Amino acid sequence: MSIEMAMMGKASADDRPATTCDDVECVMARPASMTDKLMHYCPGCTHGIIHRLVGEMIDEFGLLDHTVGVCPVGCSVFAYEYFQCDAIEASHGRAPAVATAVKRTDSSRFVFTYQGDGDLASIGMAETIHAAARGERITIFFVNNGIYGMTGGQMAPTSLIGQKTTTSPSGRIAETTGMPIGVCELLSSLKGVAYLARVPISSPKNINTARKYMRKAIRAQLENKGLGLVEFLSTCPVQWAMSPIAAMKHIDNTVIKTFPPGVFVDRVDPVDATSTPMPAVAHTGAEA
Amino acid sequence: MERLDIDVRRCKGCGLCVEFCPKHCLELGDGMNAIGYHPAELHKPEACTSCSLCAEVCPEAGIRVFRKKKGKP
Ligand SMILES: Cc1ncc(C[n+]2csc(CCOP(=O)(O)OP(=O)(O)O)c2C)c(N)n1
Ligand code: SF4
Ligand code: SF4
Ligand code: SF4
Ligand SMILES: [Mg+2]
């Protein structure tokens, strides 16, 4: 029997035919906020999963018409090709500064950045810390795969001790390169941060947890509470020289020992008086 | 009816859907798509429960999942 397809009014960025029939419903499809373009990522790379989650969130919050994405330098440099929303390509590491400008100019926009670990924690560390310290009303999606994927697998500040990369061929050693930087740990002392969480992209269960964290990081901005950041422990099967499945297992077995997952800061749904949001600065753009 | 619709144009044969399907319904096929990969196929359609776990892990956002509406057997 031929495939009966029933999208049943579910919006999707899929150009394949969607015929409707009465007794069948669609439970999962490509988010409408994504484009139909084939993504350029290597097979099994978790960048694609995180893109889909971002698309789902824009759909779910109904934000497509007033979203501005800020894209990084790194493997996800073409991320703007895969989302239907407006987007700006920032120079390497400067996405939080660009996002700050957009949000302060037009606070009605939902502004997110999508950044790798080389981008956010290496060349862009100053922008990251100061955007967080200022409590910018922006949402950061931070893809930590512990390596510079795009440029050929060089060591990142987030590479693990012992990790072999093209610039640490015998494995990273703390004596000369220090310990891996935990971005959530580092930012958690800053009062401008309204939501901060880390989640491994290693199983369907954890992907669903990522959704929950992303909702809060988005609400941190929409409810004017401060900066929201979700760190995704991600795979780079190619530069790690592992199969996509082995790379996911490596996150669960090894990466989480250095980068423990969980919620670091939550001022979106405060549980105690110490977590009151930092006062918002009125950025209307109109006075200029 | 088939519960899954795998976009063979996008599939990169990464095998994540095959690995995470709790019912072991999927496998990488012998065919090759235009971008040079062996796309995943639903080889045990009768065992599929429309749980969507395969679509959840697909990095290409290339799996659509359908199910019979509740109350209409
Ligand atoms: C100013 C500047 N310095 C260096 C580079 C080279 N460069 C391009 S991508 C990259 C690192 C990207 O790593 P990451 O942010 O972790 O992204 P991934 O590719 O791993 O997703 C570097 C150093 C550049 N493009 N611009
Ligand atoms: S190099 Fe790594 S991070 Fe970049 S697309 Fe390939 S697998 Fe993904
Ligand atoms: S919907 Fe669930 S049971 Fe069906 S193929 Fe996908 S993972 Fe397997
Ligand atoms: S997860 Fe997606 S890309 Fe990977 S084999 Fe399955 S359908 Fe293909
Ligand atoms: Mg990286």
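Naming convention: chains lettered A, B, ... in sequence-line order (proteins, then strands); numbering from 1 in each chain. Just so we're clear, the structure is a prediction, and the values are computed from it rather than from any experiment.
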Could you check, using the six-membered ring where one of them is a Trp, whether H47(A) and F78(A) have ring centers closer than 6.0 angstrom? no

Assert top hit (heavy-atom pairs under 4.5 Å, partner chain A, pool C54(B), C14(B), G15(B)) equals C14(B)

For S52(B) and A55(B), indicate whether the former's side chain and the latter's backbone hold a donor-acceptor pair under 3.5 Å. no

Under 4.5 Å to a heavy atom of chain A? For I63(B) that would be backbone

Spell out the residues in residues 235-251 of chain A that have some non-hydrogen atom less than 4.5 Å away from a non-hydrogen atom of chain B, in order of number; otherwise answer 'none'. P244(A), I245(A), M248(A), K249(A)

Does the pair Y37(B) and C11(B) meet the rule for a side chain to side chain contact (heavy atoms under 4.5 Å, CB included), with working shown? CA-CA 7 Å; Y37(B) 298 107; C11(B) 175; 5.8 Å; no

Residues in residues 51-60 of chain A that sit under 4.5 Å from chain B, counting heavy atoms only: R52(A)

So do E60(B) and D7(B) actually touch side chain to side chain, heavy atoms under 4.5 Å? no

Hey, what's the ring geometry for F141(A) with F112(A), parallel, tilted or perpendicular (30° and 60° as the breaks)? tilted

I'd like to know if the side chain of K12(B) and the backbone of C45(A) have a donor-acceptor N/O pair within less than 3.5 Å. no

Heavy atoms, side chains only, cut-off 4.5 Å: are Q115(A) and I140(A) in contact? yes

Determine whether a donor-acceptor pair (N or O, by modelled atom type, separation under 3.5 Å) exists between the side chain of E41(B) and the backbone of L28(B). no

Less than 4.5 Å to any heavy atom of chain B: does that hold for the side chain of D36(A), its backbone, both, or neither? both

Stepwise, does the side chain to side chain contact (heavy atoms under 4.5 Å, CB included) test hold for L26(B) with L4(B)? CA-CA 10 Å; L26(B) 297 161; L4(B) 277 202; 3.7 Å; yes

Please examine the side chains of P59(B) and I49(A), heavy atoms only from C-beta on, and report whether any two atoms are closer than 4.5 Å. yes

Can you check whether F61(A) and H66(A) have ring centres sitting under 6.0 Å from each other? no

Tell me, for C58(B) versus chain A, whether the close heavy atoms (under 4.5 Å) come from the side chain, the backbone, both or neither. backbone

